[in-house]
Amino acid sequence: MMRNRNKKWMAFIPVLIIAAVFGFGWLVMFLWNTALVPATGFHVITFWQAIGILLLSKILFSGFGGKGKHRGGPAWKQNWSTMTDEEKARFKQEWWKRCGRYPEEKVTTTNVENKQGVE
């Protein structure tokens, strides 16, 4: 019974995708023709030109997500979570050296107490 319900939804997904493409195409056409034409004097565009603009912006700004680059978050977060505390400290030290400045030792109450006790 559950599998039958899932098949119905799976058949509905292509309809949703087509509706989304047409909806976003209409939205781009509407916004272009109502905002850019009066403000800048650009030419009025058709629905298919709006679909072309959507496709072009997808290619230019986000690509097609090849090689699973978005899965699991950024690689540096995965690397950082697997490092030991010593490796993290070494990495931070190297990072500060490459930035051209090294942070001063932070003065905490324990450092102040130790310095007073030694003197």
Smallest separation among heavy atoms of V21 and I51, with atom names =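 Distance-wise, the nearest heavy atoms are O-CD1, 3.5 Å.
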
Which atom pair, heavy atoms only, marks the closest approach of A50 to G25?
->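 Result for this residue pair: CB-O, 3.3 Å.
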
Give, for atom [atom1] of [X] and atom [atom2] of [Y], the distance between the pair rounded to the nearest 0.5 Å.
X	Y	atom1	atom2	answer
L60	L55	CG	CG	9.5 Å
L27	F22	CG	CZ	15.0 Å
L54	Q49	CG	CD	12.5 Å

Could I get the full list of salt bridge (charged side-chain N to carboxylate O under 4.0 Å, His left out) partners for E86, not counting sequence neighbours?
->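 So E86 forms no salt bridge (charged side-chain N to carboxylate O under 4.0 Å, His left out) with any residue.
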
Any link between V28 and L56 through a network of hydrophobic side chains (Ile, Leu, Val, Met, Phe, Trp, Tyr) touching at under 4.5 Å?
-> no

Just jot down the side-chain contact (heavy atoms from CB on, under 4.5 Å) partners of [X], sequence neighbours excluded, or say none.
X	value
N79	none
T40	L36, F42
I13	M10, I17
F61	S57

Are any side-chain N or O atoms of W32 and backbone N or O atoms of H43, one a donor and one an acceptor, separated by less than 3.5 Å?
-> yes

Under the ring-ring contact (aromatic ring centres under 6.0 Å, His included) rule, collect the residues that match up with F24, sequence neighbours excluded.
-> none

Exceeds 12 heavy-atom contacts within 6.0 angstrom, atom CZ of F47 = yes

What orientation do F91 and W80 show, parallel under 30°, tilted 30 to 60°, or perpendicular over 60°?
-> perpendicular

CA sep, side-chain torsions, deciding dist, call: R90, E94, salt bridge (Lys or Arg N to Asp or Glu O under 4.0 Å) = CA-CA 6 Å; R90 214 174 345 172; E94 185 65 31; over 6 Å; no

